[in-house]
Amino acid sequence: MKNAVKTSLQNQSATGSIANFYAVQLQLLCREHKHATSASALLRSIHANMITSGFSPRSHILNNLINIYCKNSGLVYAKHLFDRIPQPDVVARTTMIAAYSASGEPKLAREVFDKTPLSIRDTVCYNAMITGYSHNNDGHAAIKLFLDMRWKNFQPDEYTYTSVLAALALIADHEMHCRQLHCAVAKSGMANFKCVVNALISVYVRCASSPLASSLLLMDSASKLFYEMPERDDLSWTTIITGYVKNDDLDAARKVFDGMDEKLLVAWNAMISGYVHKGFIFEALDMLRKMYLAGMKPDEFTCTSILSACADAGLFLLGKQVHAYVRRTEEKIHVSVYNALITLYWKCGRVDDARKVFDNLVFKDLVSWNAVLSAYVSAGRINEAKLFFDEMPEKNSLAWTVMISGLAQNGLGEDGLKLFNQMRVKGIELCDYAFAGAITSCAVLGALETGCQLHAQLIQRGYDSSLSAGNALVTFYGRSGVIEAARNVFLTMPCVDLVSWNALVAALGQHGYGVQAVELFEQMLDENIMPDRISFLTVISACSHAGLIEKGRHYFNIMHSVYKISPGEDHYARLIDLLSRAGRLLEAKEVIQNMPYKPGAPIWEALLAGCRTHRNVDLGVEAAEQLFELTPQHDGTYILLANTFAAAGRWDDAAKVRKLMRDQGVKKEPGCSWIKVENTVHVFLVGDTAHPEIQVVYNYLEELRLKMRKMGYVPDTQYVLHDMETEQKEYALSTHSEKLAVVFGLLKLPRGATIRVFKNLRICGDCHNAFKFMSKVEAREIIVRDGNRFHHFRDGECSCGNYW
DNA sequence: ATAGGGTTAG
């Protein structure tokens with residue numbers, strides 16, 4: 001084809017009429033423009049030829065020229081030509097409308113449309129504008145224009161209906177919409193057109209994937225429409241196949257696919273991407289093989305899907321092979337392939353290589369940017385992610401979502417919620433993933449109320465069947481200690497994955513339901529769900545909190561022997577925690593000595609915490625020494641060590657450690673520190689409340705209050721006591737009530753104030769004593785802290801959560 | 001001159 005144009009160009013002189021000659025040339029170019037990558041260069045040379053030969057094209061040639069410029073991304077040239085026509089006809093205008101719409105500029109398209117006088121407007125012109133809107137995701141504008149068209153008595157044709165149906169497919173989210181449309185189409189007599197029926201099937205398909213509609217019912221109707229068509233074209237087949245794929249019914253899709261006589265490339269691609277999406281990597285690769293055997297040549301769509309499969313399965317080398325194949329066969333660089341390549345790199349742990357691919361990419365799109373953003377986020381490189389996010393030339397809802405959940409997963413819940421609110425304010429579409437990120441932020445913050453509100457909004461929007469949102473909710477309720485809610489969400493989720501199971505096991509384990517956590521874990525194994533490394537972390541710490549020492553050791557052992565997951569440092573840390581909490585410190589020490597690699601900070605921290613609880617000063621000092629060597633930040637170690645001494649009654653040594661801290665300029669105050677969570681300032685008083693030093697701490701507290709006032713915070717009477725003497729007596733709130741009452745007296749608490757007592761309680765099962773204590777000190781509310789977790793007593797109810 | 005299908009980012 002390309003040669004045909006060139007020969008024709010060379011034989012210019014031999015051609016009779018010059019107008020005819022150009023018309024033929026343009027026609028040829030027009031026919032091949034889909035495949036020719038050098039078409040725009042060729043086109044410019046033809047155009048230049050016209051100008052130098054002094055040929056002034058008549059309108060149809062000019063229109064042709066504009067049209068071809070548009071289709072070869074020469075929009076600038078097209079616009080230039082168009083603007084110089086004194087009175088462009090409707091054909092030229094329609095071309096420009098379509099061109100602007102295709103390049104994402106519906107506003108510019110509308111300008112041309114509005115300037116088109118009613119007297120020359122026609123149905124095609126309207127069709128182009130309606131399509132323009134639906135291509136730019138503005139279904140409402142498309143329909144409005146359709147109504148305008150009817151009002152002005154333009155006769156819609158099958159193209160109009162096809163476009164309007166496409167627009168409606170964007171909006172339809174209820175079964176009734178489909179039924180009504182179906183009737184309207186039948187009445188209009190347009191149902192005889194294949195393209196209209198295809199579009200109607202599309203509406204059913206799109207609507208079926210709406211969370212508010214029944215996918216099964218609607219796909220059934222779509223399928224009925226499909227099989228009742230007198231004859232089906234390629235598009236009918238692919239619409240129905242992809243419809244099933246999109247609605248997660250791969251078996252149904254495969255059935256239709258197998259029934260195709262001549263399987264189209266598009267259909268192969270749809271099946272492959274469907275398998276990849278569902279995580280059926282093997283089936284996807286098998287389809288690729290079958291496709292190859294059937295003599296089909298994989299194109300960029302196929303390669304993109306396969307690359308994505310490789311990324312998910314960690315098949316780095318296969319991925320590289322696909323990349324090599326693409327480089328060999330495709331002359332044009334397809335961004336999507338490179339985007340998938342970026343993902344392959346980072347999912348295989350090569351974040352910086354992913355960035356390199358991105359940097360070398362000449363034409364980047366939103367997906368490229370988002371892929372790199374995800375790379376940084378998932379690698380925990382949150383600062384780079386933040387910078388990259390700010391650098392992005394444009395952001396869609398996905399970019400925001402990635403950033404929100406990234407912040408939440410890296411413990412920056414407050415930032416996550418802030419970003420979510422910004423998103424809401426800016427009117428960016430809030431999808432289920434965005435909610436999932438916000439809910440995770442609440443889980444991180446322990447913001448129970450905000451999280452519950454988000455849950456309500458989630459249900460309102462019909463997102464409650466979303467897997468990611470469901471998982472976020474299970475985690476959130478789990479961390480907040482509302483176990484029943486966590487369980488309910490889990491049970492009502494339409495489908496669950498490993499993350500959901502892990503979340504519920506964690507929820508139970510963290511709140512003293514160790515036995516149930518273990519039972520649930522066993523149930524998961526019975527259902528043949530393969531546990532991952534997170535599952536083992538979760539179940540071992542559940543054992544640790546419930547004191548199920550042998551069970552915990554058992555899981556640690558089978559993790560490698562049965563499930564071939566080699567224990568990481570975090571697993572060892574949980575094991576050490578399990579043993580040291582139970583006071584089996586020497587056993588813990590033995591495990592540390594026999595570890596296959598050098599124990600890191602988390603291991604020694606777990607041991608040190610155990611030493612503090614069980615008053616083993618010697619081992620504690622040894623662990624602390626290791627920690628001083630291993631970590632640059634010594635704050636936590638100092639505090640743990642001081643408390644170990646104090647717990648053993650060695651006040652002088654404890655005081656020495658505190659002095660050491662001050663001397664070394666450790667930022668955290670030895671006796672007291674404060675943080676701001678949401679709008680409340682929480683003050684942490686670290687130290688023994690019965691110790692004479694309490695007066696010193698009290699003075700410090702007053703100083704702190706002044707400081708806070710200066711900074712604009714309004715300090716309330718929410719004090720925090722970290723009482724290490726109660727460490728071992730986990731249910732012994734009442735025995736200390738006297739002592740605490742004295743302290744609160746010292747702090748001159750007004751009656752009925754909120755008291756926040758932060759103690760090292762592991763399991764909160766003692767509501768009775770808590771409420772008894774409350775009435776004794778005339779508190780309205782008590783919050784008891786255990787590490788990052790808190791238990792909240794108020795109005796006769798107890799709830800739990802995470803503090804930061 | 002206008003329509004309807006397949007890919008990639010969580």
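Chain identifiers are assigned alphabetically (A, B, ...) following the order of the sequence lines, protein sequences preceding nucleic acid strands; residue numbering begins at 1 within each chain.
Note: OH (A/Y325) to C1' (B/dT7) measures 15 Å, nearest angstrom. Atom CG of A/L419 and atom P of B/dG10 are 18 Å apart (whole Å). In this structure, CG of A/N127 is placed 11 Å from P of B/dG4, rounded to the nearest angstrom. Atoms CG (A/L341) and C1' (B/dT7) sit 14 Å apart, rounded to a whole Å. If you measure from atom CG of A/D299 to atom P of B/dT8, you get 12 Å, rounded to the nearest angstrom. Look at CG on A/L165: it is 11 Å from P on B/dG4, rounded to the nearest Å. Rounding to whole angstrom units, CG of residue A/L344 and C1' of B/dT8 are separated by 12 Å.
No contact: A/S405 has no heavy atom under 4.0 Å from any strand. At a threshold of 4.0 angstrom between heavy atoms, the contacts of A/V367 include nucleobase atoms, whether or not backbone atoms are also involved. At a threshold of 4.0 angstrom between heavy atoms, the contacts of A/D157 with the nucleic acid are absent. In this structure, A/K364 reaches neither bases nor backbone, as no heavy-atom distance under 4.0 Å exists between it and the strands shown. Contacts of A/W346 with the nucleic acid, taken as non-hydrogen atoms under 4.0 Å apart, involve only primed sugar atoms and P, OP1 or OP2.
Across B/dG5, B/dT7, B/dT2, the shortest atom-to-atom separation from the side chain of A/T94 is found for B/dT2. Distance from the side chain of A/S308 is smallest to B/dA9 among B/dG5, B/dA9, B/dG4. Distances were taken from every side-chain heavy atom of A/V90 (C-beta onward) to each of B/dA1, B/dA9, B/dT2; the shortest belongs to B/dA1. You'll find that the side chain of A/V124 is closest to B/dT2, out of B/dT2, B/dG5, B/dA9. Considering only the side chain of A/L235, B/dG5 comes nearest among B/dG5, B/dG10, B/dT8. Distances were taken from every side-chain heavy atom of A/T242 (C-beta onward) to each of B/dT2, B/dG10, B/dG6; the shortest belongs to B/dG6. Nearest to the side chain of A/K246, among B/dA3, B/dA1, B/dG6, sits B/dG6. Nearest nucleotide to the A/F301 side chain, out of B/dA3, B/dT7, B/dG5: B/dT7.
Looking at A/T238, A/T239, A/D234, A/D233 one by one, the single match for side-chain hydrogen bond (donor to acceptor under 3.5 Å, both in side chains) with A/S236 turns out to be A/D233.
Classified by interplanar angle (parallel below 30°, tilted 30° to 60°, perpendicular above 60°), the ring pair A/H323/A/Y338 is perpendicular. Ring orientation note: the planes of A/W369 and A/F388 are tilted relative to one another, at an angle of 30° to 60°.
Within residues 110-120 of chain A, no residue has any heavy atom under 4.0 Å from DNA chain B. Within residues 264-277 of chain A, the residues having any heavy atom under 4.0 Å from DNA chain B are, by residue number, A/L264, A/L265, A/V266, A/N269, A/S273, A/H277.
Listed by chain and residue number, A/D148 satisfy the salt bridge (Lys or Arg N to Asp or Glu O under 4.0 Å) test with A/K152 (two or more places apart in sequence, or in another chain). Residues passing the salt bridge (Lys or Arg N to Asp or Glu O under 4.0 Å) test with A/E384, sequence neighbours excluded: A/R381. For A/A142, the side chain to side chain contact (heavy atoms under 4.5 Å, CB included) criterion is met by A/I130, A/Y133, A/A167, not counting sequence neighbours. Every residue meeting the salt bridge (Lys or Arg N to Asp or Glu O under 4.0 Å) condition with A/K79, not counting sequence neighbours, appears here in chain and number order: A/D83.
Side chain of A/K395 to main chain of A/M392: no donor-acceptor pair is present (N/O by atom type, distance under 3.5 Å, no hydrogens or angles). Put simply, the side chain of A/N136 gets close to the backbone of A/S101: a donor and an acceptor are under 3.5 Å apart. A donor-acceptor contact shorter than 3.5 Å is absent between the side chain of A/R93 and the backbone of A/F113.
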